[in-house]
**Student:** 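Before I ask anything, here is the structure I am working with.
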Number of protein chains: 6
Amino acid sequence: MKITVINPNSTVSMTQKIESVAKAVASPDTIIFATNPDDSPASIEGYYDEALSLVPMLKLIEAHPESDAFVIACFDDTGLDAARCITDKPVIGIGEAAYHMATLVANKFSVITTLERSVPALEHNLQRYGLASRCVKVRSSNVAVLELENPASSAQQRIRVEIDQAISIDRAEAIVLGCAGMADLADTLSSDYGVPVLDGVRCAVALAESLVRVGLKTSKTIGYSTPITIKV
Amino acid sequence: MKITVINPNSTVSMTQKIESVAKAVASPDTIIFATNPDDSPASIEGYYDEALSLVPMLKLIEAHPESDAFVIACFDDTGLDAARCITDKPVIGIGEAAYHMATLVANKFSVITTLERSVPALEHNLQRYGLASRCVKVRSSNVAVLELENPASSAQQRIRVEIDQAISIDRAEAIVLGCAGMADLADTLSSDYGVPVLDGVRCAVALAESLVRVGLKTSKTIGYSTPITIKV
Amino acid sequence: MKITVINPNSTVSMTQKIESVAKAVASPDTIIFATNPDDSPASIEGYYDEALSLVPMLKLIEAHPESDAFVIACFDDTGLDAARCITDKPVIGIGEAAYHMATLVANKFSVITTLERSVPALEHNLQRYGLASRCVKVRSSNVAVLELENPASSAQQRIRVEIDQAISIDRAEAIVLGCAGMADLADTLSSDYGVPVLDGVRCAVALAESLVRVGLKTSKTIGYSTPITIKV
Amino acid sequence: MKITVINPNSTVSMTQKIESVAKAVASPDTIIFATNPDDSPASIEGYYDEALSLVPMLKLIEAHPESDAFVIACFDDTGLDAARCITDKPVIGIGEAAYHMATLVANKFSVITTLERSVPALEHNLQRYGLASRCVKVRSSNVAVLELENPASSAQQRIRVEIDQAISIDRAEAIVLGCAGMADLADTLSSDYGVPVLDGVRCAVALAESLVRVGLKTSKTIGYSTPITIKV
Amino acid sequence: MKITVINPNSTVSMTQKIESVAKAVASPDTIIFATNPDDSPASIEGYYDEALSLVPMLKLIEAHPESDAFVIACFDDTGLDAARCITDKPVIGIGEAAYHMATLVANKFSVITTLERSVPALEHNLQRYGLASRCVKVRSSNVAVLELENPASSAQQRIRVEIDQAISIDRAEAIVLGCAGMADLADTLSSDYGVPVLDGVRCAVALAESLVRVGLKTSKTIGYSTPITIKV
Amino acid sequence: MKITVINPNSTVSMTQKIESVAKAVASPDTIIFATNPDDSPASIEGYYDEALSLVPMLKLIEAHPESDAFVIACFDDTGLDAARCITDKPVIGIGEAAYHMATLVANKFSVITTLERSVPALEHNLQRYGLASRCVKVRSSNVAVLELENPASSAQQRIRVEIDQAISIDRAEAIVLGCAGMADLADTLSSDYGVPVLDGVRCAVALAESLVRVGLKTSKTIGYSTPITIKV
């Protein structure tokens, strides 16, 4: 089985981190191929960057018809619906993956994301997916995505402040890390806090494998119908 | 006051129809400028076409900083959130405009849109805007957008079938026409059916004028913050 | 175009303030006529006063059949549904007007109203209109309506305390002023806080004009059917 | 214990029917006093009639301070919130009473009401009370309230048509009769259809007794605070 | 009329307290029979204890076919749906009873329950019943159920801390006590705080009486159909 | 990895069918152990049978501490919350598994279940999980669970009638089979109807594997805290 993991932004170090995390969770017989566009924003912070990343991301879906499944490795699930229109292979967003899995190990969860400008888009997704009632709060850590690539930044410290509050104030039973760039932090944080801390990359890779194993493909009858002309 | 009305698809005849309807409703002192990208799909039928139209539409927002307000004249409100990030001038989608106005003249409304593949995106918007509880049903007329440009097609007849059902079965008190290409039908249909039949182009132009007159600009504090770098 | 703006309470100074604000936002060719009953409560603070104001307000609708549209200038949208039954001209409440417009310039808003006893009625309206999901919180400033008529009161100071909290705690992107008596404060507060601060009177007058310009009338088929006998 | 049952319309035959039903369900030591205003509409069909009935109904609450509880015997729960402001004795609407009780004997219920113009107000109430998710459908029987006072009318037959559909199509497990004028039909219909058919008058009288017995009074701290001046 | 009140846990002192409270609220001609299984957990703290109590509780329903109604006196409404399947006599849970009654005397209420592990089950119930929108918050007092049986514990003090916060922070207009073991505290707390403090035992007994008096039985058509074989 | 798959009813032929389906989807290195209690009902048809199956099912969880994950193979997710209290290993219900996976391949799905008496419990689950907004309708096929074990019955034919309607009337993009006894039908039906037809057993086994691979365990901080005494 081959899973193509697309980082919709153009920061290669982030793609490498994502690939490493994805490979660690994949089954031995699963090939993980991680990639990113070179013409999308360096990071996706809110609605505008998301818009700019859409077509570059879709081109990478188109470019890998040999894949058995796709993971979109940006926490706002950039272009997820459009991607499902151009392939019948499973396409999983890391945001939705983490939300769904969190509901399987906790009654309620909170999300810790990056800059506050990204919060409304995540709230919209939670509402659409139906899982808003399971999320206590989407918290901004005031960390820019690319700060996560800089080990010298105080990013992790600010994330920990929000986890503390999610546990003590929100009474969240699980924490969802709201950025692909936080993927390497999940294990340490889970261990330190004693509650499940979910990283969407791992969740999405595992879910994509599951869908392939179950033999599920995207429905092509209404909303995800194949476009009359593929134009990318 | 100048309002730039952007048809996000590249069909010029549709832009002309939109312009004509927009001018008819605008105040005498309002300049309506209607335009469309030349590198977007000829019509927007569902998630995929919407994705392809986003950046071309945003470029037209960028190209007209002299405008006092913008109208996005596609019923799925293509790129509305991203557009609000790159200007503080009011940006109104024709979908949201029609939904909001329908709630001011009716307890419940139904929407008649084009192909069924567009229905889920409209339902998502209604949910996000908060107005899903006011909409009985989003009905597909099984009319492709460009059929509306062909007077010889049976498009209007199929739309009428759905309006009949929206009134008799949904018990809708008002009808929202779910495509910019239906803008010229609203008056006749209102008159024929004796209930308000709303066209989003008119509603959006009037709302855009209202926001300018009230002096309202898009909030720049959280979700619609100006991007750190404008990259279109 | 003539818009009759009805202040449902009997405080003339408040009607004058409303008229002044309404005229400032209306188009040059729009006649604003502001009026109030003389047999309703001096202010509307909660469910009971609202009940007492209903029939006096409806009589003023009946008395002005020459109007092209009506604005009900009390933030709980007193008698809005009943009013829509006795005329097919657009009737807009200042509460609904501000809520709808706030959603066009912000992802989420908070409301600052007067005494806490008015909060549940506003929450009911938000729920009915469908916009509760867009409102973070309805905040009471603990200001009685008529204190707003007294420049020597600390009313504005208490309103500012709540705006501070709406911005810093609720993370609201826009503020809705929840009383017609606050109509004169919107510009100053918008400017001071750097976020849209919406006054319902302005919003409602602009929306009423919009509906007239678009040619929309209240649907008469189900909930707003003309009463068999008009009995006011 | 004395319970004052107020029919908010002015039709005395209806008040008598209500009184008879109320007495049949009350405990032996409970005094039922049924009354109606003489200056309200003969029937309440929709928003407008409801508005006209509010103050006459409130005056009857004021006139009976010796009562231990009040029942508002119109299915749209006319003026319920305002009534709770002017007394701390329990006030129960027959609509809310029937809805609450229906959820105690059935997973889902449907409502059969009179003219379709009353449907939106009932739907609003269900939404506010929180019970909309328990109601499959509010069905109009196309019966005017006063037809129910005429034994020669086909009212009951039309109600039965809707009950048939509520059971076979809505799969409702219980039926709520949506008008005080249907109070005398509940037993026969329950027996004929083999599902609970609830009449709000009985439900409300029993609930009012319950609240008195438990010693509950209306909270006076926020929304139902005593008005500063009682002005009826 | 005979009402069997079942304490689903096996703590006899708690059953006695419940019986005493139930008798105080019942009508003179109502026989209250309180009982408990001897093979269920000593207290019900969360999902697991609830599961263990289900069958012992159902056996007590089966054992008392002469009853006119049943009350399940555990605040999580243990086995309520299953109980309704094996009898057509009314079965009322004390949780649902308190929630419904609270909505009749207050716009919004908060719940004060025992250990935090019980909170999610109560939130699920509120959501199912439809009343989640009326409840501001379910608060844990961090009091174990059996501490309530020990007058020397600080249980009441911790409950009061939460009531203080429910009133001052949640702005709840009424308080619901979220454990049968708190039944004896309602009067004192109501009096001390000046807001309705509801105990579910009293509410459920009164509601059960009401249903019997109105002649309502559980619908047997769909979800509560009699099991093909009764197997307890 | 060992996954214990518990059929909560006592019908061995059904357990065998479940085991066969589970093994077909599991990874080569995953051991599937399917089991059932011998003291639970032969089938679970609604609330009452569910109650009887709870403790027998929990005993099987207790009996297999060596498992890495558990699947509860009844579509009403019998005892899922209680099971999560007594182990920190992932526990997945086949109902929730199918619902979550359906949302990853379709905008909207419908469920085809067995007898109508099971419908309300499934609707409650969908509401609690948050996924009710993604499900158009839970349809009963009027097939008793054990009819599915009889190849000569017309069960499959009646299921097909409902799938036809789910596709043509509900406009569902995917179908969820609402009973473990239908697990062997998914592939044929998917192929015949050209839309994803999901069987919960396969989905749950794949999800359980995913959770183990990602290293997720059930949160033990609030609702799923370990019981003070394990009493099964």
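Every chain is numbered from 1, with letters handed out A, B, ... down the list of sequences.
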**Student:** Which atom names give the shortest non-hydrogen contact between D:H100 and E:H100, and what distance separates them?
**Tutor:** ND1-ND1, 2.6 Å
**Student:** Between the main-chain N or O of E:L104 and the side-chain N or O of D:E96, is there a donor-acceptor pair closer than 3.5 Å?
**Tutor:** no
**Student:** Can you establish whether the number of heavy atoms outside D:E66 located under 6.0 Å from its atom CD is more than 12?
**Tutor:** yes
**Student:** Given the rule in the side-chain contact (heavy atoms from CB on, under 4.5 Å) test, do E:Y129 and D:T103 qualify, once you have shown the distances and angles that lead to the verdict?
**Tutor:** CA-CA 8 Å; E:Y129 302 155; D:T103 70; over 6 Å; no
**Student:** Are E:K217 and D:P196 close enough that some pair of their side-chain heavy atoms sits under 4.5 Å apart?
**Tutor:** no
**Student:** Using non-hydrogen atoms and a 4.5 Å limit, figure out which bit of D:S133 sits close to chain E: side chain, backbone, both or neither.
**Tutor:** side chain
**Student:** What part of E:I92 gets within 4.5 angstrom of chain D, counting heavy atoms only: side chain, backbone, both, or neither?
**Tutor:** side chain
**Student:** Checking D:R202 against chain E: side chain, backbone, both or neither under 4.5 Å from a heavy atom?
**Tutor:** both
**Student:** What's the separation between atom CG in E:N107 and atom CZ in D:R128, rounded to the nearest 0.5 Å?
**Tutor:** 7.5 Å
**Student:** Looking only at atom types and distance, does a side-chain atom of D:E173 sit under 3.5 Å from a main-chain N or O of E:G223, one as donor and one as acceptor?
**Tutor:** yes
**Student:** In plain terms, say whether D:R213 and E:E209 are close enough for a salt bridge, that is, a side-chain N and a carboxylate O under 4.0 Å apart.
**Tutor:** yes
**Student:** Looking at chain D, which one of E:P28, E:A186, E:S27, E:C203 has the largest number of heavy-atom pairs inside 4.5 Å, strictly under?
**Tutor:** E:S27
**Student:** Top residue by heavy-atom pair count (under 4.5 Å) with chain D, among E:A24, E:A174, E:G130, E:A97?
**Tutor:** E:G130
**Student:** Between D:V214 and E:A206, which heavy-atom pair has the shortest distance, and what is it?
**Tutor:** CG2-CB, 3.6 Å
**Student:** Taking side chain as everything from C-beta outward and backbone as N, CA, C, O, which of these in E:R171 sits under 4.5 Å from a heavy atom of chain D? Side chain, backbone, both or neither.
**Tutor:** both
**Student:** Above 12 or not: heavy atoms from other molecules or residues under 6.0 Å from NZ of E:K137?
**Tutor:** no
**Student:** Taking the side chain as every heavy atom from C-beta outward, state whether E:L198 and D:L216 have any atom pair closer than 4.5 Å.
**Tutor:** yes
**Student:** Need one label for E:A102: side chain, backbone, both or neither, based on atoms under 4.5 Å from any heavy atom in chain D.
**Tutor:** neither
